[in-house]
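Here the structure is laid out as structure tokens; the discussion comes afterwards.
Protein chains get the first letters and strands the later ones, always in sequence-line order, with residue 1 at the start of each. Keep in mind the model is a prediction, meaning the values are calculated, not measured. Computation of the quantities below employed the complete heavy-atom set of this structure, encompassing side-chain atoms and omitting hydrogens, waters and symmetry-equivalent molecules.
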Amino acid sequence: MNPSPVRVRFAPSPTGYLHVGGARTALFNWLYARHLGGQFVLRIEDTDKERNTAEAVQVIYDGLKWLGLNWDEGPDVGGPHGPYFQSERDAVYQRYADQLTAAGRVYTDENGALRFRLPRQPLIFDDLVCGRIEVDRSKSQNRDGGLESDMTIRRADGGWIFHFVNVVDDIDMQITHVIRGEDHLSNTAKHIELYQALGVEPPRFGHIPLILNKDGSKMSKRDVGASITSYLEGGYVPEAVLNYFALLGWSPKDDREIMPREEIVERFDLANVNRKGAHFDLAKCDWFNAQYLQQMPLEHYRKLATPWLAKAGLVLPDDQLDAVLALEKMKVTHLREVPERVAFFATEDFPYDPAAVEKTLRKPGALDRLAQLAECYAAVEPFDAATLEAKLKELAATLGVKPAEFIHPARVAVSGRSVGPSLYHMLEVLGKDRIFARIERTRTQFAA
RNA sequence: GACCCUAUCGUCCAGAGGCCUAGGACACUCCCCUUUCACGGGAGUAACACGGGUUCGAAUCCCGUUAGGGUCACCA
């Protein structure tokens, strides 16, 4: 006997952007499916033809793919329960609507819309996250204090309404577990009434907490971090973002935070999802990103950083690329910072930071120190960080001055700035010739 | 307005009656490491919304209050 396979779905509407809340819903569905060896279905809810565009759908694909949330069935990959665009499922909806008509459960109202007669019976269901939910449907009122109006399932113009197509598709696609945002918890009663009217056993429901802004307000399109595209464009590592999102509402119940995808899949469970709305904190997301960047192998880091270098028009010789990237790897929070940080390796014509010049190069004797250092380094062998450090300190000792007298001007002379990589490692990567040229340029340019 | 969900540090989570003088992480402050900036290490500030019960004992269970969120569309 086959264990009944778990089938979950993510059913976004193509609005032109993928909201974090949506991505997190997709993630929890995906985790649930992968954890249990079930199927993850992608269905595009594009009944609203107005805002339905190919680009809007592409944004959803891009976001999910970036996060690594692969789907087993969907518009682009097909599957046995298609089509997966609601706009192409008219015949299916008509069939189910006919069934309701035959059963006398719907009627056409005075405006020509098709409405479902709500049974308004007391109703109980077990939510996988929220537990037992008990509603007395006969008490549901609308804003005017009147009885909740019967649910419209088809507009006068023939367009289908969300609640209906959502339920029909979940039935038709044999969805076993509906994992969605808590904003649908209150709608679930109506949905169950629809399942019952259709003579179908409802799936299990799991309503996950909403994601709010850090101050608790509702997150809208404009808010920082709201759009998944902003992570793609902001230099985030998908695994880091996924890790952070997973911890918004779910916890492995111990102190583990940085977890590889496989571990999250392995440990994920709806029972460990909490019910409290999560406030989104980009600072913590950034911390995860920095951690992932620091801990990943240089080879992987290079693959992620290279496109950013290219986009900035920076060219680094192949044989130096890794060495240069390694110099700043521990300091980068977002990949987009990389070009700026390593730009001075790519050109001899780098700019000098005015503040650094003022503070360091303009100091009396600074240019002389550079000359002395260059002279000292002329014969250094091997030209590596350890030797360079030893030589510099030796020079300082000989002259009876602090090493800082050399270190600071040298840093500004070779990089144009007062902050950057470890000086000696930076010198090693730059090499003797470039250092001498840069010191020369500095001395000429800033000679009193 | 009716109904539903929620309530532990500023934020994300631990805590499923005694292990809690409430733990971890981010953020913040200080110290160490480092003659840069980071990383790393150490320390610190900081919370059980309130009021009633139940119990020998409550952050944990129950009720109420308050607060926040959600749903009640010919939007999805």
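Remark: the A:Lys331 side chain and the B:rC37 base include a donor-acceptor N/O pair separated by less than 3.5 Å.
Between A:Asp46 atom CG and B:rC75 atom C1' there is a gap of 14 Å when expressed in whole angstrom units. The separation between A:Lys329 atom NZ and B:rG40 atom C1' is 14 Å, rounded to whole Å. The nearest whole Å value for the distance from the CG atom in A:Leu248 to the P atom in B:rA14 is 12 Å. The separation between A:Phe245 atom CZ and B:rC13 atom P is 13 Å, rounded to whole Å. Atom CG of A:Asp353 and atom P of B:rC37 are 14 Å apart (whole Å). If you take CZ of A:Arg24 and C1' of B:rC13, they are 13 Å apart, rounded to a whole angstrom. At whole-Å resolution of the value, CD in A:Glu134 and P in B:rC5 are 9 Å apart. Separating the CG atom of A:Leu123 from the P atom of B:rA2 is a distance of 21 Å, rounded to the nearest angstrom.
A salt bridge links A:Asp254 with A:Arg267: at least one charged nitrogen is closer than 4.0 Å to a carboxylate oxygen. Between A:Lys284 and A:Glu257 there is a salt bridge, since a side-chain N of the basic residue sits under 4.0 Å from a carboxylate O of the acidic one. The pair A:Asp353-A:Arg417 does not meet the salt-bridge criterion, since no charged nitrogen lies less than 4.0 angstrom from a carboxylate oxygen. We find that A:Glu73 and A:Arg9 are not joined by a salt bridge, their nearest charged nitrogen and carboxylate oxygen being 4.0 Å or further apart. Salt-bridge formation is not detected for the pair A:Asp170/A:Arg7: no Lys NZ or Arg NE/NH1/NH2 atom is positioned less than 4.0 Å from an Asp or Glu carboxylate oxygen.
If you check every strand for non-hydrogen atoms under 4.0 Å, A:Gly249 touches sugar and phosphate atoms only. Among the heavy atoms of the strands, none lies under 4.0 Å from A:Asn166. A:Ala156 comes within 4.0 angstrom of a nucleotide base, judged by non-hydrogen atoms across all strands.
Taking the six-membered ring for Trp and thresholds of 30 and 60 degrees, A:His184 and A:His191 have ring planes inclined between 30 and 60 degrees apart. The aromatic rings of A:Tyr377 and A:Phe383 sit perpendicular to each other, their planes meeting at more than 60°, with 30° as the lower class boundary.
The base-pairing partner of B:rA2, taking Watson-Crick or G-U wobble contacts with both distances under 3.5 Å, is B:rU71. Shown here, B:rU29 forms a base pair with B:rA43; the pair counts as Watson-Crick or G-U wobble because both key distances fall under 3.5 Å. In this structure, B:rU66 forms a base pair with B:rA7, meeting either the Watson-Crick or the G-U wobble geometry with both donor-acceptor distances under 3.5 Å. The partner of B:rA14 cannot be assigned: no Watson-Crick or G-U wobble pair with both contacts below 3.5 Å exists in any strand. Using the Watson-Crick or G-U wobble rule with both distances under 3.5 Å, B:rU34 pairs with nothing in any strand shown. Under the Watson-Crick and G-U wobble criteria, each requiring two contacts below 3.5 Å, nucleotide B:rC61 is paired to B:rG53. Of the nucleotides present, none pairs with B:rC20 by Watson-Crick or G-U wobble criteria with both distances under 3.5 Å.
Taking the P atoms as reference points, B:rA49 lies 16 Å from B:rC13, given to the whole Å. Nucleotides B:rG17 and B:rA73 place their C1' atoms 47 Å apart, quoted to the nearest Å. The C1' atoms of B:rG53 and B:rG44 are separated by 39 Å, rounded to the nearest whole Å. Atom name P, nucleotides B:rU11 and B:rA27: the rounded distance is 16 Å, in whole Å. If you take atom C1' in B:rG15 and the same atom in B:rC74, they sit 48 Å apart, rounded to whole Å. Taking atom P on both B:rC3 and B:rG23, the two are 40 Å apart, rounded to the nearest angstrom. Nucleotides B:rC28 and B:rC37 are separated by 16 Å at their P atoms, to the nearest Å. With both ends at atom C1', the span from B:rU60 to B:rA76 equals 39 Å, rounded to whole Å.
The salt bridge (Lys or Arg N to Asp or Glu O under 4.0 Å) search around A:Arg275 returns none, not counting sequence neighbours. A search for salt bridge (Lys or Arg N to Asp or Glu O under 4.0 Å) contacts involving A:Lys276 returns nothing, not counting sequence neighbours. Applying the side-chain hydrogen bond (donor to acceptor under 3.5 Å, both in side chains) criterion to A:Glu340, with sequence neighbours excluded, gives no partner residue. Residues passing the ring pair (Phe, Tyr, Trp, His ring centres under 6.0 Å) test with A:His334, sequence neighbours excluded: A:Tyr236. Partners of A:Tyr61 by ring pair (Phe, Tyr, Trp, His ring centres under 6.0 Å), not counting sequence neighbours, listed by chain and number: A:Trp71.
In B:rC39 the O4'-C1'-N dihedral to the base is within 90° of 0, which defines a syn nucleotide.
Heavy-atom neighbours of A:His35 NE2 from other residues, nucleotides or ligands within 6.0 Å: above the threshold of 12.
Note on residues 124-135 of chain A: pairs passing side-chain hydrogen bond (donor to acceptor under 3.5 Å, both in side chains), not counting sequence neighbours, are A:Asp127-A:His207.
For A:Ile133, whose side chain is taken as the heavy atoms from C-beta onward, the closest listed nucleotide among B:rC5, B:rC39, B:rA76 is B:rC5.
For RNA chain B, the residues of residues 407-430 of chain A within the heavy-atom distance limit of 4.0 Å (strictly under) are A:Ile407, A:His408, A:Arg411, A:Ser418, A:Val419, A:Gly420, A:Pro421, A:Ser422, sorted by number. Within residues 385-398 of chain A, the residues having any heavy atom closer than 4.0 Å to RNA chain B are, in order of number, A:Glu389, A:Lys393.
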Pairs under 3.5 angstrom only: tabulate donor-acceptor contacts from the side chains of residues 244-252 of chain A to other protein residues two or more places apart or in another chain.
from	atom 1	to	atom 2	distance (Å)
A:Tyr244	OH	A:Asp281	N	2.9
A:Tyr244	OH	A:Asp281	O	3.1
A:Ser251	OG	A:Lys253	N	2.9

Ignoring hydrogens and angles, write down the donor-acceptor pairs under 3.5 Å from the side chains of residues 389-402 of chain A, residues two or more places apart or on other chains.
from	atom 1	to	atom 2	distance (Å)
A:Glu389	OE2	A:Lys393	NZ	2.7
A:Thr398	OG1	A:Glu394	O	2.7

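Place A:Ser251 and A:Glu110 on RNA chain B by their nearest nucleotides, and A:Ser251 ends up nearer the 5' end. In this structure, A:Met330 and A:Ala404 both approach RNA chain B, and ranking their closest nucleotides by distance from the 5' end singles out A:Ala404.
Close placement of the A:Tyr352 and A:Phe446 rings is indicated, their centers lying within 6.0 Å of each other.
Distances shown here put every side-chain N or O of A:Arg275 at or beyond 4.0 Å from the OP1 or OP2 atom of B:rC13.
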> Using a cut-off of 4.0 Å between protein heavy atoms and nucleotide atoms, how would you tag nucleotides 15-30 of chain B 5' to 3' with B, S and -?
Replying inline: S--------BBS----

For nucleotides 70-72 of chain B, list the nitrogen or oxygen atoms of the protein found under 3.5 Å from its nitrogen or oxygen atoms, one pair per line.
from	atom 1	to	atom 2	distance (Å)
B:rG70	O2'	A:Asp183	O	3.2
B:rG70	N2	A:Ser186	OG	3.0
B:rU71	O3'	A:Asn187	ND2	3.3
B:rU71	O2'	A:Asn187	ND2	3.0
B:rC72	O2	A:Gln141	O	3.0
B:rC72	N4	A:Arg143	NH1	2.8

